[in-house]
Protein chains: 2
Amino acid sequence: MDTRTELLKCAENVARRRGYDGFSYADLAKEVGIRKASIHYHFPAKADLAVAMIERYASSFSDALAVIDETSDIASDRLEAYVQSYRKALSGGAKLCLCVAFSVSRDSLSKEALQELDDFHSMSHEWLMNTFQLAKKDNSVSNVGDPKDEAAALLAMVEGAQLVARAACKVADYDRATRLFLKRLA
Amino acid sequence: MDTRTELLKCAENVARRRGYDGFSYADLAKEVGIRKASIHYHFPAKADLAVAMIERYASSFSDALAVIDETSDIASDRLEAYVQSYRKALSGGAKLCLCVAFSVSRDSLSKEALQELDDFHSMSHEWLMNTFQLAKKDNSVSNVGDPKDEAAALLAMVEGAQLVARAACKVADYDRATRLFLKRLA
DNA sequence: GTCTATAGTTTGATAGAC
DNA sequence: GTCTATCAAACTATAGAC
């Protein structure tokens, strides 16, 4: 793997544990095994790194959603996989979704990074909306309301469930918070 | 107001905007109007400040829940007030619940602070559980599941809704995420 | 209780050799 | 591309005068 990618991977890893203001170039240098001055060759400023991190995260997230869509045509299957993916991202209570971690540090981010953050949420929201729209047709989810509202509610729920589970370092808290929603799935 | 309280108020304010790793003694000194060295008289280390912040936050939150209980005996009224209180805490998309902000910076907190964080979540969860238990009796909420699961789901939802709204600085996002739940209230 | 002064560390970032 | 060397600024924290 090239150094740039290795840096991005490492940065994502630590940012999802500690937030944007909670990691430094020194942390990355130590982990990747180069000097911190060398990092500036790949990312001149931390703001550049932040943008690249969100871009990479959104891209891989988008890929994951595409895989979910390919795996099943049933809305309930897709939503279950979605909830499961946020559970997996928790890493046993040690990590958060990158965008959850970055949302808290909003004031430290550049305009460009905030735009990327916004794009990520838009993409997630749209995928969820379409999936709830499908659920209305295939009847695989009980009691479906306005897809726009359902999408916003589920996005908030998985992000909040991650947060609560992270606070206590207990995946069980994530499971408890999402249980009633999963019961609505066929 | 005494300086200690003023410092706590100010620290809460900035921590809810920027997270635990996002503010410094210099920020507080500037805002409160004393030198940063003076802050150490009240809070020897930042870890001490963190503990006092959560204590104060949990205490005022607990008071707010007591007021809600006094205002109405109907479960749906109480839950609506609960959701509303998280909305108000958003401050137009500028702030988060202190415990949401601190959960992200978990690794920077002392054991004592983490314990306080845990206590806060326990208190919230218990109040919600009792309220959903009441809802089962007074039928003011539609389709109530296991109170324990309902409590966890709602806590996750309001915290997640705050986060999404904070990311975009749009209170409307909070409203959209909580709309379907509020529809279940009588 | 608040101040000045300062220590010791860490931060993000740059210059220039290799 | 990575290094050494260095910078100025910010950080938490302490000592001691008032």
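To find a chain, count down the sequence lines: A is the first, B the second, and so on, and within it residues start at 1.
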> Per the side-chain hydrogen bond (donor to acceptor under 3.5 Å, both in side chains) rule, what does the pair list look like for residues 135-147 of chain B, sequence neighbours excluded?
B:D138-B:S140

> Report the distance from atom CD1 of B:I39 to atom P of D:dT14, rounded to the nearest whole Å.
14 Å

> Which Ile, Leu, Val, Met, Phe, Trp or Tyr residues join B:I74 in one cluster when any pair of side-chain heavy atoms under 4.5 Å counts as a link?
none

> Which ones in residues 99-109 of chain A lie close to DNA chain C, meaning a heavy atom under 4.0 Å from one of its atoms?
none

> May I ask you to check whether A:E126 and A:N130 show a side-chain donor-acceptor distance below 3.5 Å?
no

> Considering just the side-chain nitrogens and oxygens of A:Y41, establish if one lies under 4.0 Å of OP1 or OP2 belonging to D:dT2.
no

> Indicate whether OP1 or OP2 belonging to D:dT2 is found under 4.0 Å from a side-chain N or O atom of A:T3.
yes

> Which nucleotide sits closest to the side chain of B:S24: D:dC11, C:dT2, D:dG1?
D:dC11

> Can you name the side-chain hydrogen bond (donor to acceptor under 3.5 Å, both in side chains) partners of A:T5, sequence neighbours left out?
A:D2

> Looking at A:D173 and A:A168, what are the two nearest heavy atoms and their distance?
OD2-CB, 3.5 Å

> How does protein reach along nucleotides 13-18 of chain C, written 5' to 3' as B (base within reach of a heavy atom under 4.0 Å), S (only sugar-phosphate), or - (no contact)?
BB----

> Through what angle, rounded to 10 degrees, does the axis of the helix from C:dG1-D:dC18 to C:dC18-D:dG1 turn between its ends, using five pairs per end?
0°

> Should the pair B:D107-A:R166 be classified as a salt bridge under the 4.0 Å nitrogen-to-oxygen rule?
yes

> Does the side chain of A:R18 pick up a donor-acceptor pair with the side chain of B:S105 at under 3.5 Å?
no

> Whole Å only: how far is the CZ atom of A:F23 from the P atom of C:dT11?
11 Å

> With ring pair (Phe, Tyr, Trp, His ring centres under 6.0 Å) as the rule and sequence neighbours excluded, what pairs involving residues 124-154 of chain A come up?
A:Y82-A:W127

> Taking all non-hydrogen atoms of both residues into account, name the closest pair between B:T178 and B:A161 and its distance.
CG2-CB, 4.2 Å

> Expressed in angstrom and rounded to an integer, what is the separation of B:D27 atom CG from D:dA9 atom P?
17 Å

> Provide, to the nearest angstrom, the distance between the NE2 atom belonging to B:H42 and the P atom belonging to C:dC3.
9 Å

> My understanding is that only residues two or more places apart in sequence, or in another chain, count here; which of them pass side-chain hydrogen bond (donor to acceptor under 3.5 Å, both in side chains) with A:R17?
none

> Just one of B:L128, B:T131, B:L65 clears the side chain to side chain contact (heavy atoms under 4.5 Å, CB included) bar with B:R78, so which one?
B:T131

> According to side-chain hydrogen bond (donor to acceptor under 3.5 Å, both in side chains), who are the partners of A:K95, at least two apart in sequence or on a separate chain?
A:N13

> Does C:dG1 have OP1 or OP2 sitting under 4.0 Å from an N or O in the side chain of B:S38?
no

> Check the distance between C:dT4's C1' and B:R35's CZ and give it to me in whole angstrom.
9 Å

> Within residues 8-21 of chain B, find the residues that approach DNA chain D with a heavy atom at under 4.0 Å, and present them sorted by residue number.
none

> Mind checking what makes side-chain hydrogen bond (donor to acceptor under 3.5 Å, both in side chains) contact with B:S72, not counting sequence neighbours?
B:D77

> Kindly state each residue pair satisfying ring pair (Phe, Tyr, Trp, His ring centres under 6.0 Å) with at least one member in residues 90-113 of chain B, sequence neighbours excluded.
B:Y20-B:F102

> What is the distance, rounded to the nearest whole Å, between atom NZ of B:K30 and atom P of D:dC11?
10 Å

